[in-house]
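Here the structure is laid out as structure tokens; the discussion comes afterwards.
Values below: every heavy atom of this structure, side chains too, minus hydrogens, waters and symmetry copies. Numbers restart at 1 for each chain; the letters A, B, ... are given by sequence-line order, proteins then strands.
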Amino acid sequence: MIDLNLLREDPAAIKASQRARGAAESLVDEAQSADAAYRKALNEFENLRAEQNAHSKLVAQAPKEEKQALVAAAQELSARVKAADAAAGEAQAALDKLVWKIENVVIDGVPEGGEDDYVVLKEVGTKRDFGFEPKDHVALGESLDMIDIERGAKISGSRFYFLKGWGARLELALMNLALDQAVEAGFTALITPTLVRPEIMAGTGFLGAHADEIYYLPADDLYLTGTSEVALAGYHRDEIVDLSEGPLRYAGWSTCYRREAGSHGKDTRGILRVHQFNKLEMFAYIDPADAEAEHARLLAWQEQMLQKCELPYRVIDTAAGDLGSSAARKFDAEAWVPSQQTYRELTSTSNCTTFQARRLNVRYRREDGKTANVATLNGTLATTRWLVAILENHQQADGSVCIPEALRPYLGGATSINPKN
RNA sequence: GGAGAAUUCGCCUAGUGGCCUAUGGCGCACGCUUGGAAAGCGUGUUGGGUGCAAGCCCUCAAGGGUUCGAAUCCCUUAUUCUCCGCCA
């Protein structure tokens with residue numbers, strides 16, 4: 001949620017952000033008056049409560065014969081306190097409802113507009129001139145016996161698959177390469193729960209507009225997470241974390257589950273868009289003043305991984321309207337996919353500033369001893385989707401796939417994956 | 001799945017309806033003492049809300065309830081532990 005102080009002091013900034021996102025500006029005015037009403041109601045309740053507390057002391061100390069009269073007065077006061085309490089509670093609920101609808105305030109420089117209004121920040125690497133008709137990852141996965149989509153569908157339905165042989169090994173190699181890089185950079189490795197309680201799902205903002213993207217287990221009232229970000233963000237919920245030795249950085253590995261409810265007919269071929277995949281996610285808790293610098297670092301680590309996998313890619317600055325509600329800025333790195341002659345997202349990194357931490361109540365102690373909300377940031381370091389780009393970009397004319405050097409130590413030193421016959 | 005016990009400040013702990021504006025210890029911080037340290041002594045030490053401020057309000061796992069008044073009584077939920085049962 002947004003900072004209420006900002007709502008009081010600089011509502012114009014929030015309005016500008018809402019405008020850039022194409023979201024309702026009127027929410028800001030509504031929230032402001034709800035805030036004023038809440039504070040008024042709270043004040044009335046607190047004054048009455050103070051009166052009641054004082055009166056209660058009189059009752060306790062009064063001699064027996066006076067007690068009855070005092071209690072009678074207290075009863076009447078008690079009723080008024082109860083009413084004021086209820087009114088304040090309602091005012092707060094009304095305020096919360098409005099405030100929760102306001103999305104994070106975008107950072108200056110984020111392009112305005114929607115999905116197609118991104119700005120390309122850079123293009124790195126060269127797209128290969130194959131000199132032959134490159135196969136797509138489905139054909140490669142099949143001929144190299146790495147990806148079995150048919151049997152995936154037989155077992156679990158569409159958008160499921162088996163990774164087999166070199167496919168399974170390549171996936172684990174990729175995850176291990178990413179994990180080792182993260183650990184070397186100072187991240188703490190975490191394997192996270194993938195089933196979480198409703199309040200964690202809601203707290204991380206995933207139960208909002210995209211609730212139908214999420215698998216839910218009604219018998220247990222648990223949600224399957226679409227990213228370990230959920231568990232990583234919830235990890236320090238209701239805590240005052242120690243940032244005196246620098247930011248807390250976690251590298252969370254988990255399987256991710258997504259219903260892909262809104263994408264029927266989109267990317268139906270192959271493993272580009274699937275219901276279940278693995279992901280290594282970076283997550284940082286940091287002093288808000290350092291958040292933008294950390295965002296740049298996360299992006300740099302992502303680029304490092306892409307370069308280790310020897311993939312041509314570009315980096316885009318996502319437009320305001322295409323940001324998640326928690327993100328104040330988002331960079332995506334997209335790898336070139338030869339069979340589609342287009343760039344496809346392999347990583348995404350969001351700076352959530354204090355928005356997510358405020359909702360999850362994660363704070364740190366500042367140098368002046370006061371507590372304040374931390375900033376949280378997240379970013380992908382590897383996912384199953386990377387296999388698509390790796391297979392397609394490194395395929396050879398003879399149908400084999402050359403293994404990027406950085407991955408070889410994780411694959412017993414193998415240099416290429418070859419067809420059986 | 002069944003039965004029982006527990007949850008109080010970073011940690012341990014006192015507390016069975018008004019004197020709890022929550023006890024004591026450990027730890028931590030600051031001060032005194034010291035050549036310096038330890039010990040000792042003293043002071044401080046949960047967070048949050050609201051207000052220009054003084055202050056006031058909330059916070060004893062969470063949420064409800066009873067009561068003029070709840071850490072304390074009742075209900076629900078969560079978590080932990082013990083025992084029994086079941087089990088890949």
Applying a 3.5 Å limit to both distances, which nucleotide forms a Watson-Crick or G-U wobble pair with [N]?
| N | value |
| --- | --- |
| B:A71 | none |
| B:G55 | B:U50 |
| B:G15 | B:U8 |
| B:G85 | none |
| B:C60 | none |
| B:A37 | none |
| B:U66 | none |
| B:C30 | B:G42 |

To the side chain of [X], which of [options] is closest?
| X | options | result |
| --- | --- | --- |
| A:Ser78 | B:C68, B:C58, B:G47 | B:C68 |
| A:Val71 | B:U50, B:C56, B:C68 | B:C68 |
| A:Glu46 | B:C58, B:C56, B:C68 | B:C56 |
| A:Arg197 | B:G49, B:A78, B:G51 | B:A78 |
| A:Val59 | B:U79, B:G18, B:U21 | B:G18 |
| A:Ala50 | B:G69, B:C56, B:C58 | B:C56 |

* Asked: Tell me, do A:Asp287 and A:Tyr364 make a side-chain contact under 4.5 Å, heavy atoms counted?
  ->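 A side-chain contact exists here, since the closest heavy-atom pair is under 4.5 Å.
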* To do: Answer yes or no: is there a side-chain heavy-atom contact under 4.5 Å between A:Glu112 and A:Asp117?
  =>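 The answer is no; the side chains never approach within 4.5 Å.
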Given the [atom1] atoms of [N] and [M], what is the spacing between them in whole Å?
| N | M | atom1 | result |
| --- | --- | --- | --- |
| B:C58 | B:C20 | C1' | 16 Å |
| B:U67 | B:U72 | P | 16 Å |
| B:C74 | B:G4 | P | 14 Å |
| B:G47 | B:G40 | P | 26 Å |
| B:G17 | B:C87 | P | 47 Å |
| B:U23 | B:A71 | P | 14 Å |

When all nucleic acid strands are considered with a 4.0 Å heavy-atom cut-off, which category describes [X]: base, sugar-phosphate, or nothing?
| X | value |
| --- | --- |
| A:Lys370 | nothing |
| A:Ser56 | base |
| A:Arg80 | nothing |
| A:Arg8 | sugar-phosphate |
| A:Asn53 | sugar-phosphate |

Is a salt bridge present between [X] and [Y], judged by a nitrogen-to-oxygen distance below 4.0 Å?
| X | Y | result |
| --- | --- | --- |
| A:Glu303 | A:Lys122 | yes |
| A:Glu294 | A:Arg249 | yes |
| A:Lys40 | A:Glu44 | yes |

* Quick one: sort the A:Tyr215 and A:Tyr257 rings into parallel, tilted or perpendicular, breaks at 30° and 60°. =>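 Perpendicular: the ring planes of A:Tyr215 and A:Tyr257 meet at over 60°.
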* May I ask you to decide if the ring planes of A:Phe160 and A:His275 are parallel, tilted or perpendicular, using 30° and 60° as cut-offs? =>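 Answer is tilted, since the angle falls between 30° and 60°.
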* Asked: Do A:Gln52 side-chain and B:G69 base share a donor-acceptor contact under 3.5 Å?
  ->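 No pair found.
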* **d(CD, A:Glu44; P, B:G49) in whole Å** =>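 These atoms are roughly 21 Å apart.
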* Asked: Toward the 5' end of RNA chain B, which comes first, A:Lys57 or A:Leu42, by nearest nucleotide?
  ->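 Its nearest nucleotide being more 5', the pick is A:Lys57.
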